[in-house]
Number of protein chains: 2
Amino acid sequence: MMNTQNTDQITVFKALADSVRLDIIEYLKHTDHEVSCGEVGKALNISKTSGSYHFKLLQEAGIITTRKESREKYVSLNSKTFDKYVTNFYKNI
Amino acid sequence: MMNTQNTDQITVFKALADSVRLDIIEYLKHTDHEVSCGEVGKALNISKTSGSYHFKLLQEAGIITTRKESREKYVSLNSKTFDKYVTNFYKNI
DNA sequence: TAAATAGTTCAAAAATATTTGAACTATTTT
DNA sequence: AAAATAGTTCAAATATTTTTGAACTATTTA
């Protein structure tokens, strides 16, 4: 019932077609430690609610993977989806 | 002044994030002959005006290349942009 | 146990994207 | 030369996406 990794093409492209989400992806790409939604939101100046919305879309597209630990939700990029849909991920994005 | 091939990442992803445009791309991919805007529009049941709008976005994203011959505008996929941004084009799209 | 923190959900508001129809240009056909 | 065809442009209407704030759950800290 849970759709952790929807890799439907249009869902992926829609998820990539927004500057806030590309910023989030960029942030996740350039970080070395495990990152929470809150950290990203603060760093990029995105409100909690808006962040929640964007992380949800990214997750539904299979672009990020999430892990809930107590209060916090940790997010990381799902390279599988990039490998499947996006060329030169580490070069372009 | 004319920007025939804008290959800006978000422009490309936005252009790919619409089902009408993905249908157009699909149509162009599966065709062997040179194709006009009108042919695509008729085949996919897109109005002239709407087609004009979508072809423009695809062109601005560098996804298609166009050639005007007398009354008609011929369009074809620009594989360079796919090579640069999209993985497994001929597999996924 | 109260207050603070992290995140979600909902509905309304705001912003963006798409479709429509009418009017237009340019070319070709009759 | 008139009518038909291919496509564009514009502004208005419609649809979709994103943002906002308030209320909420769950967990942790004081």
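Chain letters run A, B, ... following the sequence lines, proteins first and then strands; every chain starts at 1.
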Next item on the list: Determine the sole option in T81(A), N78(A), L77(A) for which the side chain to side chain contact (heavy atoms under 4.5 Å, CB included) test with I64(A) is passed.
Entry: L77(A)
Notebook entry, point to check: Can you tell me how far P of dT27(C) sits from OH of Y74(B), to the nearest Å?
Noted result: 15 Å
Margin query: Distance check needed: dG7(D) P versus I64(B) CD1, whole Å only.
Written below: 12 Å
Notebook entry, point to check: Below 4.0 angstrom from OP1 or OP2 of dT17(D), is there any side-chain N or O of K14(A)?
Noted result: yes
Note to self: If the cut-off is 4.0 Å, is S52(A) near the phosphate of dG7(C), judged by side-chain N/O to OP1 or OP2?
What the structure shows: no
Notebook entry, point to check: R71(A) CZ to dA6(C) P: how many Å, rounded?
Noted result: 6 Å
Checklist line | I46(A) vs S70(A), nearer the 5' end of DNA chain D by closest nucleotide | finding: I46(A)
Next item on the list: Write down the distance between CZ (F55(B)) and P (dT9(D)), rounded to a whole number of angstrom.
Entry: 14 Å
Next item on the list: Give the rounded distance in Å between these two atoms: NZ of K56(A) and P of dT8(C).
Entry: 10 Å
Next item on the list: May I ask you to evaluate whether H54(A) reaches the phosphate of dT19(D), defined as a side-chain N or O under 4.0 Å from OP1 or OP2?
Entry: yes
Notebook entry, point to check: For the base of dG7(D), is there a side-chain donor-acceptor partner from K48(B) under 3.5 Å away?
Noted result: yes
Check: Quick one: CD on E72(B) to OG1 on T66(B), what's the gap to the nearest 0.5 Å?
Finding: 13.5 Å
Item checked: R21(B) side chain near dT18(C) phosphate (N/O to OP1/OP2, under 4.0 Å) -> yes
Notebook entry, point to check: Of the nucleotides dG7(C), dA6(C), dT19(D), which one has an atom closest to the side chain of K42(A)?
Noted result: dA6(C)
Margin query: How many whole angstroms separate atom CG of D18(B) from atom P of dA15(D)?
Written below: 15 Å
Next item on the list: Quickly work out the K73(A) NZ to dG7(C) P distance and round it to whole Å.
Entry: 9 Å
Next item on the list: Return the nearest nucleotide to the side chain of T49(B); candidates are dT17(D), dT9(D), dG7(C).
Entry: dT9(D)
Next item on the list: Could you state the atom-to-atom distance from NZ of K68(B) to P of dT5(D) in whole Å?
Entry: 17 Å
Notebook entry, point to check: Only one of D18(B), V12(B), L16(B) forms a side chain to side chain contact (heavy atoms under 4.5 Å, CB included) with F13(A), so which one is it?
Noted result: L16(B)
Checklist line | Side-chain donor-acceptor contact under 3.5 Å, H33(B) with E39(B) | finding: yes
Notebook entry, point to check: Roughly how far, to the nearest 0.5 Å, is OG of S50(A) from CG of N45(A)?
Noted result: 10.5 Å
